[in-house]
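Only one structure is covered here, and it is reproduced in the block below.
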Amino acid sequence: MKPDELVRGVEATLFAAEEPMTAEQLSAHLGGADVREALVELAQHYSERGIRLVERGKRWQFQTAPDMAHLLRREKEQVRRLSRAATEVLAIVAYHEPVSRAEIEAIRGVQTSSGTLDVLMEAGWVRVAGRREVPGRPVIYATTPEFLSHFGLESRKDLPGLDELKAAGLLDPVDDAYEAMTSLDDDDSEAADEPFEETEDGDDAVLENHEESA
Amino acid sequence: MKPDELVRGVEATLFAAEEPMTAEQLSAHLGGADVREALVELAQHYSERGIRLVERGKRWQFQTAPDMAHLLRREKEQVRRLSRAATEVLAIVAYHEPVSRAEIEAIRGVQTSSGTLDVLMEAGWVRVAGRREVPGRPVIYATTPEFLSHFGLESRKDLPGLDELKAAGLLDPVDDAYEAMTSLDDDDSEAADEPFEETEDGDDAVLENHEESA
Amino acid sequence: MTEDGLMLGVEVDSVNDEWEGPGAAPSVDEALYLELDGWEGPLDLLLDLARRQKVDLREISILALVDQYIAYIERAEALKLEIAADYLVMAAWLAYLKSALLLPKEEQEDPSPEELALRLQLRLQRLGAMREAAARLMARDRVGRDVFLRGAPEGLRVDRVNAWQCDWYQLVSTYGQMKARNEPVVHMVRERPVMTLDSALDRVSAMLGVTLDWMELRSFLPQHSDPRLRRSALASSFVAALELARLGRAEIRQQESFGPLHLRRLAS
């Protein structure tokens, strides 16, 4: 059964493309045709082959099937090894984005060297996503489509365990979590409006003293 | 029907390969398996798709189907107006053909960059019509049938004569209205060593902004 | 709150698969590496110690954790290992927390040690969650390690082609203008009555010799003559006046801009 011309066109175009392409880019390349059905059909066709057609952050690309890794890996290990710090920072950016450096450091309890974020930005996985409109206007960071593509995620919703972490409140700041846990039996909740900052009075300042006034 | 593991392995390997591979190389890569049948099966599978598996000098590779080539190299048409200098040269060729470059320059009173004639030949309106049998055997130029059809002429005889031009006021020394209308300000001072001058600045000023897909 | 094994779902060892840091010990307590470089700060060390309690982070014993941490730091000190200030500050704070937790209730300060302990626990949970998330992220099928993109894509190219435009009117009018521009131009000058500079010089010097008074330039011009001749004579006489002034035989004055020019002989 020969696939129709549009399917063949989408197949050839994505196959030849050097970068993943969005449905819109494909459509523009193919004279404005509606490519969505063709993409679905192709993804279906390739679902059991040695090659897959996958969607990563709204962009489509061909790649080898994951179970072929053992055949291909032995020749080329192209993936850079991330330091432990970079790995953690990447996860924090991905699960909390957009996130400032101070917020990253609040979670890790340690200063983040600028080199760590640089490595992630150089890899094309993290980008500056503007500034937060709070005093000091800190730079905030977010992940890129290349991040999704590299880690095989269709969208951020596919981040492993994201829903569980959300449900457990583990993506909320400590103050919010503390507030939530104690609001029932604690009336004077003065700390609620001072994220990360109620510690100036000394006692648990030790926990915060790694933050950088970025 | 899921293809067997060897077929999938060959498929994935050739897909990820940076260069075409021989059957022997494939076999070595896949643990010594006999890949010939797998190659035949794959070539068969892809024979009607947008991608082909082809053998070139004993080496196998995927490539886009030949009839999909137009998708890989699309042409975008950019509508550009002829510069004043090119229009002058075109008019001289039309009125005086066949004409050599030296003759064109004698009529214009200025040097003519080779880029100007190139533009006219790219447009398909002027062609090389041989050489004049005089010392130096200069190349001579003439108009093409496309020239006639673009300008709506049955033949060159349809070009108005000098008397008619005069009657129409077109032999007046300087037509400021025309200058203003076209805002072409190339002042006949093309230097011979700046062949693209006229297409680099004069043209862009009047470049029409719309592009059309071929 | 979920009660699933998220917190413990990934063992420390598998977490460490991605990095070479000596953060985790091969076996429990004793074999703890005494290399503080292996931890990303005191919180990270605390988290590692908490994990060794083998319970959900929500149920760890803070008091036990404090003891473990302080014991660890003391042991490092005993071995004369260099310990970063962060770790010592944390040890001091934990010691304070421990004593506060053990104090009778009525002497509690604000924030209460219970609150501090809970906040510490919450922080550990969050760091733990991110550490596991990182491990799970790194374990995904990654491009270039588990899945591969096409090795030699042809690439998509868009070539630009110029579609040149020109119309009939432009063509013929350009030709017309060019012909007109490059026609040899002949200037015809009709014969006119003129006064030459030489005759103007003679005439002005002669007239200057008559008097020592200032005379207006116009009075040197021939009266009642052709207006065209007068114009020529004015120009010639002006130049003659300049020449005489240059030779030191006359002086010129003008009272105001565009006012009449006056001329006077210079006594020699």
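In what follows, chains carry the letters A, B, and so on, assigned in the order in which the sequence lines appear, proteins first and then strands, with residues in each chain numbered from 1. Just so you know, these numbers come straight off a predicted model, no measurement behind them. Note that these values count all heavy atoms, side chains included, but never hydrogens, waters or copies made by symmetry.
To the nearest 0.5 Å, atom CD1 of residue I92(B) and atom CE of residue M178(C) are 3.5 Å apart. The distance from atom CZ of R84(B) to atom CD of Q177(C), rounded to the nearest 0.5 Å, is 4.5 Å.
Remark: F62(B) pairs with F15(A), Y46(B) by the ring-ring contact (aromatic ring centres under 6.0 Å, His included) rule, at least two apart or across chains.
Between D167(C) and H150(B), every side-chain heavy-atom pair lies at or beyond the 4.5 Å cut-off. Looking at heavy atoms from C-beta onward, L120(B) lies out of side-chain contact with W164(C) at the 4.5 angstrom threshold.
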task = Go through L159(B) and L171(C) one step at a time and tell me if the side chain to side chain contact (heavy atoms under 4.5 Å, CB included) criterion holds.
result = CA-CA 10 Å; L159(B) 286 169; L171(C) 184 75; 4.1 Å; yes
task = Show your reasoning for whether side chain to side chain contact (heavy atoms under 4.5 Å, CB included) applies to V172(C) and F151(B).
result = CA-CA 11 Å; V172(C) 299; F151(B) 289 91; over 6 Å; no
request  = Take R80(B) and Q165(C) through the test side chain to side chain contact (heavy atoms under 4.5 Å, CB included) and record every step on the way to the result.
outcome  = CA-CA 6 Å; R80(B) 306 183 71 182; Q165(C) 293 292 311; over 6 Å; no
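Considering every non-hydrogen atom in both E18(B) and A152(C), the closest pair reads O-CB, 3.5 Å. Across every non-hydrogen atom of Q63(B) and E154(C), the tightest pair is CA-OE2, 3.3 Å.
Neither the backbone nor the side chain of E19(B) has a heavy atom closer than 4.5 Å to any heavy atom of chain C. Contacts between L71(B) and chain C at a heavy-atom distance below 4.5 Å involve the backbone alone (N, CA, C, O).
Between Y95(B) and Y175(C), the ring planes are parallel. Angles under 30° get that label, and only those over 60° would be called perpendicular.
Annotation: maximal heavy-atom pairing with chain C below 4.5 Å, among A123(B), P160(B), A12(B), occurs at P160(B).
Heavy atoms of other residues, nucleotides or ligands lying less than 6.0 angstrom from CZ of R218(C) number 12 at most.
Residue pairs meeting the salt bridge (charged side-chain N to carboxylate O under 4.0 Å, His left out) criterion with at least one partner in residues 225-245 of chain C, sequence neighbours excluded, are D226(C)-R228(C), E243(C)-R246(C).
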